[in-house]
Amino acid sequence: MRYVNGMRYSAVAVVVASAALAVAGCQPGGSGTDTGDGGVTPSGAVSSAASSPTPGAPKPGSSASGSSSSTPSASAPGSSSPAASVPPSSAPAPGGSAATCSADSLKATARQAAARPAGTGTGAAVVEFTNVSGRTCVLMGHPTVAGAGNGSPEMNVPLIVKPTGAAAQVKVAPGGMAWVKLTFVQVQGEADGYCVSGSAPVVYPTMVVRLPGSGAHQVALDDGQFAECEDTVTVTAVSEVRPS
């Protein structure tokens, strides 16, 4: 019986010792955390999700609107003043003075002058300008002259012009007239004639007479052609008095 009892005491002692060891193994110890499946996550590991910024959160130093400059620039005020009107150049000047006669307001004719150098050529011619417009206009200055070869103004030969007399404004009423006189170097002799200088005389069917600001006008003599020497002409300024 003692032997049997001794065996029982030994078995009980083994069971108690095993229970004590089991209880000791269940106590918390170390620095780990039980994961429930035998693995241990180190306490120093930090989830990367905890360190990532929250989506949509504004960064430090930035405004919620995303623009650092929201003040609009001031627009320049528009000008409401109308542009000053410029009077047409053909309109009468202030004070009632008349405008310069335009080319299409004049009709030009020519005739041989009564007073002319002795000789057998044209000698001199008077050019008459008639105002065919409906308003008074002004002529002024000395003309330029060119001989028109074959009667064609685009085939003209400019003459050397020698102006004489002072120029003054001449007002020409509707239907009124003004004049210039052209005096040529005269042709001498009979038949074809000759020039005193020894050069040959020149004959032009027409002349192109240009007035300052009033255009060019092609004229023909009423009784012949323009015969002259040296392609040189002396001209008067426009006059309100008919020259002889």
Side-chain angles (χ1 to χ4, degrees), residues 89-90 99-133 137-172 177-189 191-244:
S89 59
S90 59
T100 301
C101 300
S102 61
D104 58 3
S105 69
L106 299 172
K107 178 184 178 181
T109 57
R111 61 177 177 83
Q112 190 174 26
R116 58 185 186 272
T120 56
T122 302
V126 174
V127 182
E128 180 179 274
F129 296 94
T130 303
N131 181 0
V132 295
S133 73
C137 58
V138 172
L139 293 175
M140 182 177 179
H142 295 84
T144 60
V145 182
N150 297 321
S152 179
E154 65 272 10
M155 299 176 62
N156 60 59
V157 178
L159 273 59
I160 298 170
V161 174
K162 295 181 177 181
T164 183
Q169 279 194 351
V170 176
K171 286 188 176 182
V172 187
M177 292 169 284
W179 297 267
V180 296
K181 185 174 182 178
L182 316 178
T183 302
F184 302 99
V185 177
Q186 185 60 293
V187 179
Q188 304 297 320
D192 292 337
Y194 65 94
C195 298
V196 173
S197 66
S199 61
V202 182
V203 177
Y204 296 107
T206 62
M207 289 281 178
V208 178
V209 181
R210 182 183 294 274
L211 293 175
S214 298
H217 305 269
Q218 186 176 9
V219 294
L221 288 173
D222 56 0
D223 57 353
Q225 295 181 321
F226 294 92
E228 53 86 26
C229 291
E230 316 304 334
D231 279 341
T232 300
V233 60
T234 300
V235 301
T236 64
V238 178
S239 175
E240 60 185 358
V241 178
R242 186 195 303 265
S244 56

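FYI, side chains are in, hydrogens and waters are out, and symmetry mates aren't considered; it's all heavy atoms of this structure.
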Does some side-chain heavy atom of [Y] sit less than 4.5 Å from a side-chain heavy atom of [X]?
{"X": "Met140", "Y": "Pro212", "value": "no"}
{"X": "Asn131", "Y": "Cys137", "value": "yes"}
{"X": "Leu159", "Y": "Leu182", "value": "no"}
{"X": "Phe129", "Y": "Val172", "value": "no"}

Once you round to the nearest 0.5 Å, how far does [atom1] of [X] lie from [atom2] of [Y]?
{"X": "Arg111", "Y": "Asp222", "atom1": "CZ", "atom2": "CG", "value": "8.5 Å"}
{"X": "Lys181", "Y": "Ser239", "atom1": "NZ", "atom2": "OG", "value": "11.5 Å"}
{"X": "Gln218", "Y": "Asn156", "atom1": "CD", "atom2": "CG", "value": "9.0 Å"}

Testing the basics here: between [X] and [Y], what is the closest heavy-atom pair and its distance to 0.1 Å?
{"X": "Thr144", "Y": "Val161", "answer": "CA-CG2, 4.2 Å"}
{"X": "Gly141", "Y": "Ala167", "answer": "CA-CB, 3.9 Å"}
{"X": "Ser102", "Y": "Ser105", "answer": "O-OG, 2.7 Å"}
{"X": "Val219", "Y": "Ala108", "answer": "CG1-CB, 3.7 Å"}
{"X": "Trp179", "Y": "Val241", "answer": "CE3-C, 3.6 Å"}
{"X": "Ala237", "Y": "Ala166", "answer": "CB-O, 3.6 Å"}

Practice task
May I ask you to decide whether Arg242 forms a salt bridge with Glu128, counting only side-chain N to carboxylate O separations under 4.0 Å?
Solution key: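 So Arg242 pairs with Glu128 through a salt bridge.
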Practice task
Kindly write out the residues that satisfy side chain to side chain contact (heavy atoms under 4.5 Å, CB included) with Thr100, not counting sequence neighbours, or none if the list is empty.
Solution key: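 For Thr100 the side chain to side chain contact (heavy atoms under 4.5 Å, CB included) partners, ignoring immediate neighbours, are Ser214.
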Problem - Pairing residues for Ala125 by the side chain to side chain contact (heavy atoms under 4.5 Å, CB included) criterion, not counting sequence neighbours - result: Phe184, Leu221, Phe226
Practice task
Answer with yes or no whether the side chains of Thr122 and Glu228 bring together a donor and an acceptor at under 3.5 Å.
Solution key: no
Practice task
Verify, without hydrogens or angle tests, whether Ser199 (side chain) and Glu230 (backbone) share a donor-acceptor contact under 3.5 angstrom.
Solution key: no
Handout entry: Polar side-chain atom of Gln186 near backbone of Gly121 as donor-acceptor pair, under 3.5 Å
Key = yes
Practice task
Return the set of residues passing ring-ring contact (aromatic ring centres under 6.0 Å, His included) with His142 (not counting sequence neighbours), or none when no residue passes.
Solution key: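 For His142, no residue satisfies ring-ring contact (aromatic ring centres under 6.0 Å, His included) once neighbours in sequence are set aside.
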Handout entry: Candidates Val233, Val235, Thr183, Thr232 - the one meeting side-chain contact (heavy atoms from CB on, under 4.5 Å) with Lys162
Key = Thr232
Practice task
Give the C-alpha distance, both sets of side-chain angles, the deciding distance and a yes or no for side chain to side chain contact (heavy atoms under 4.5 Å, CB included) between Leu139 and Leu106.
Solution key: CA-CA 10 Å; Leu139 293 175; Leu106 299 172; 3.8 Å; yes
